[in-house]
2 protein chains.
Amino acid sequence: MRGVPTNSVDIVLCTAHDRQLAVLLVRDESKRARERWTLPWAPVAARDTLDHAAARDTLDHAAARVALRAAGARASWLAQAGAFADGSRHPGGAALSVAYVGVTRPRALGPSTGAHWFPAGDLPPMAPRHRAIIDAALAQLRERMDRAPVAFRLLGATFTLSELQAVYELLLGRRLHKASFRRALQGAFLVEPTDEWKSEGRGRPAQLFRYAPRRQRGGRGGRGGRGGVRFELLGG
Amino acid sequence: MRGVPTNSVDIVLCTAHDRQLAVLLVRDESKRARERWTLPWAPVAARDTLDHAAARDTLDHAAARVALRAAGARASWLAQAGAFADGSRHPGGAALSVAYVGVTRPRALGPSTGAHWFPAGDLPPMAPRHRAIIDAALAQLRERMDRAPVAFRLLGATFTLSELQAVYELLLGRRLHKASFRRALQGAFLVEPTDEWKSEGRGRPAQLFRYAPRRQRGGRGGRGGRGGVRFELLGG
DNA sequence: ATAATTAGTAGCTAACTGCAACTAATGTCA
DNA sequence: TGACATTAGTTGCAGTTAGCTACTAATTAT
């Protein structure tokens, strides 16, 4: 916290933890912090953005660095979630915060990194701006699930269809119908079966699949946006 | 342009102009500008964000002010489209730009305001960052059409269903099927008929409707997000 | 063996989309 | 005046898709 206010990049990194959607928070190290947690963040100096004219996108790279440092591993998906500059003070005093939302595969955090996974529905007290960022980031995560393969990035190279459905349900926050889910998935040519099967202890073993999107058959899909208009979401 | 780099708010304001989607640009007043156009923008001083703790969202208000000044009227819809800070220089030297996308009803621009509507498909040379902002803003505009009543904001208080469909086709950049469009609209309880009719010269007069969303009947819609998962958009 | 549990599939119905064809109301023009 | 063009608005049909219910399949627990 120098004299000149800086911009910051703040990350809402999500994972599946203990059958719940969890967000990564780190301990707030500033003096007046009393048992507080913050999102992982880093300042973005104005200098940086002017010096490296070659950089494809300064903000994206800064976000990737912050996520890597906080979680100990690369985020497997990361996208910008917006800029926040309302009055509520930022833990680091940043004038403006660029928020990112991402996912990373569940793994153990290194000890004493000061980071911890919190269930998204049970977060500790935080700075108002960080609370707002989390709300917006989780909302955008859900909206983007049908445009980016977020769910697949939360899984390993191979997975069962039940695992995939569980991730969708976790991220969307609602139950899905098994038969419909599989029919839609099959029709989208997104996964292909492997020769391996996975037995989880109880019940029938499940076949393992891998994410292997093939170019769409002329059907509905396609980037151009076919199909009718969806008026259903325009409540008020 | 003082010594300290500032942040900026840059607006991609759209309207229907001459049967085409048009973007509002203003003349670049800076010295080394040779016949160049830029998006309407304004600096956001770091001070502002710290002083007015009461302001709901500093950035949204700044964006609304910029749009009002450039177009001479309030934007009827406005949403944040992301933060941009790649190497490409900003016309005003801003280190970081927060982009907004909005729409405003077609109207005559005041004379000699330095602003002009350009067809979205035929834009003049601009700073690379502004070009990137426009691309991202128009993409987001299309994605948000089914979550926010953007099309209705481009129309007056009453409108014919053909006018509504034309706006949808303009913003989406593709043709829609008349019967399906109307059936979906009727099923969503979004508009209600008025007693007035509008005759456009040729052809049968059209009934005027007004935007009056009623709370959804138990059907598909609802904010909670019903319906199956849309895998079709996950190409690669 | 039998029950419990999980995986995976099939049939039915309801809803929705696109298509084609139709009726309705107005202006244009011979 | 009457045929024609133009735009509005509706209807019936076929194909597709989603959700529901119910079923079979394969494994572990008792």
Side-chain angles (χ1 to χ4, degrees), chain A residues 19 146 155 158-169 172 174-209 216-222 224-234, chain B residues 19 146 155 158-169 172 174-209 216-222 224-234:
Chain A
R19 299 262 177 189
D146 53 3
L155 295 166
T158 63
F159 46 86
T160 71
L161 298 190
S162 294
E163 288 169 345
L164 179 63
Q165 182 175 345
V167 169
Y168 265 95
E169 291 176 342
L172 292 174
R174 60 188 171 101
R175 299 300 308 272
L176 298 172
H177 189 75
K178 183 170 65 167
S180 300
F181 182 83
R182 291 174 182 221
R183 270 183 308 219
L185 184 63
Q186 185 161 29
F189 300 98
L190 284 176
V191 299
E192 64 185 19
T194 69
D195 291 339
E196 293 176 286
W197 296 70
K198 177 177 183 177
S199 186
E200 200 63 65
R202 309 175 283 283
R204 171 178 170 175
Q207 190 168 18
L208 286 171
F209 289 76
Q216 322 284 331
R217 303 258 188 279
R220 284 292 179 80
R226 299 288 199 80
V229 183
R230 294 168 61 106
F231 291 110
E232 312 92 35
L233 302 175
L234 302 183
Chain B
R19 300 259 175 191
D146 53 3
L155 297 165
T158 63
F159 46 85
T160 71
L161 298 190
S162 293
E163 289 169 345
L164 179 62
Q165 182 176 344
V167 169
Y168 265 96
E169 291 176 341
L172 292 175
R174 61 190 170 99
R175 301 299 308 273
L176 297 173
H177 188 76
K178 183 169 65 164
S180 300
F181 182 82
R182 292 174 182 223
R183 273 183 306 220
L185 184 62
Q186 184 160 31
F189 300 97
L190 284 177
V191 299
E192 65 183 18
T194 69
D195 291 339
E196 293 177 286
W197 295 71
K198 178 177 184 177
S199 185
E200 201 64 65
R202 307 176 285 283
R204 170 176 171 178
Q207 190 167 19
L208 288 171
F209 290 77
Q216 323 283 330
R217 303 258 190 279
R220 284 292 180 79
R226 299 287 199 82
V229 182
R230 293 168 61 105
F231 291 110
E232 311 92 33
L233 302 175
L234 302 184

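By convention in this document, chain letters (A, B, ...) are assigned in the order of the sequence lines, proteins followed by strands, and residues within each chain are numbered from 1.
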Quiz item: Within this structure, what is the CH2-to-P distance between B/Trp197 and C/dA24, rounded to whole angstrom?
Solution: 13 Å

Quiz prompt | Length of the line joining A/Gln207:CD and C/dG8:P, which is rounded to integer Å | solution = 7 Å

Quiz item: Which heavy atom in B/Ala184 sits nearest to a heavy atom in A/Val229, and how many Å separate them?
Solution: CB-O, 4.3 Å

Quiz item: More 5' along DNA chain D: B/Ala206 or B/Gly228, using each one's nearest nucleotide?
Solution: B/Ala206

Quiz item: Between B/Arg182 and D/dG9, does any side-chain N or O lie under 4.0 Å from OP1 or OP2?
Solution: yes

Practice problem: Please work out if B/Glu200 contacts a base, only the sugar-phosphate, or nothing of the nucleic acid, heavy-atom cut-off 4.0 Å. | Solution: nothing

Quiz item: Given atom CD of A/Gln165 and atom P of C/dT6, what is their separation to the nearest angstrom?
Solution: 13 Å

Quiz prompt | Quiz item: A/Arg183 side-chain donor-acceptor pair to C/dG8 base, under 3.5 Å | solution = no

Quiz item: Toward the 5' end of DNA chain D, which comes first, B/Val229 or B/Pro205, by nearest nucleotide?
Solution: B/Pro205

Exercise. Looking at every strand, decide which applies to A/Ser162 at a 4.0 Å heavy-atom threshold: base, sugar-phosphate, or nothing.
Key: sugar-phosphate

Exercise. Round to the nearest Å and state the distance from A/Lys178 atom NZ to D/dC23 atom P.
Key: 15 Å

Exercise. Using whole Å, report how far CG of B/Leu176 lies from P of C/dT17.
Key: 11 Å

Self-check item: Heavy-atom closest contact (B/Tyr168 atom, B/Leu176 atom, distance)
Solution: CB-CD1, 3.7 Å

Quiz item: Starting at CZ of A/Arg230 and ending at P of C/dA15, how long is that distance when rounded to a whole Å?
Solution: 18 Å

Self-check item: Distance, nearest 0.5 Å, that separates CG of A/Leu164 from CZ of A/Phe181
Solution: 4.0 Å

Exercise. Tell me which of B/Arg202 and A/His177 sits closer to the 5' end of DNA chain C, going by the nucleotide each one is nearest to.
Key: A/His177

Quiz item: Would one find more than 12 heavy atoms of other residues, nucleotides or ligands at under 6.0 Å from atom CD of A/Glu200?
Solution: no

Quiz item: Is it true that atom CD of A/Gln186 has more than 12 heavy atoms of other residues, nucleotides or ligands lying nearer than 6.0 Å?
Solution: no

Practice problem: Measure the distance from CZ on B/Arg175 to C1' on C/dT17 and round it to the nearest whole Å. | Solution: 17 Å

Quiz item: Does A/Ser199 make a side-chain N or O approach to OP1 or OP2 of D/dT27 shorter than 4.0 Å?
Solution: no

Practice problem: Report the nucleotide, chosen from D/dG9, C/dG8, D/dG19, that has the shortest atom-to-atom distance to any side-chain atom of A/Ser180. | Solution: D/dG19

Quiz item: How many Å lie between CZ on A/Phe181 and P on C/dG8, as a whole number?
Solution: 12 Å

Quiz item: Which sits closer to the 5' end of DNA chain C, B/Arg204 or B/Gly201, going by the nucleotide each is nearest to?
Solution: B/Arg204

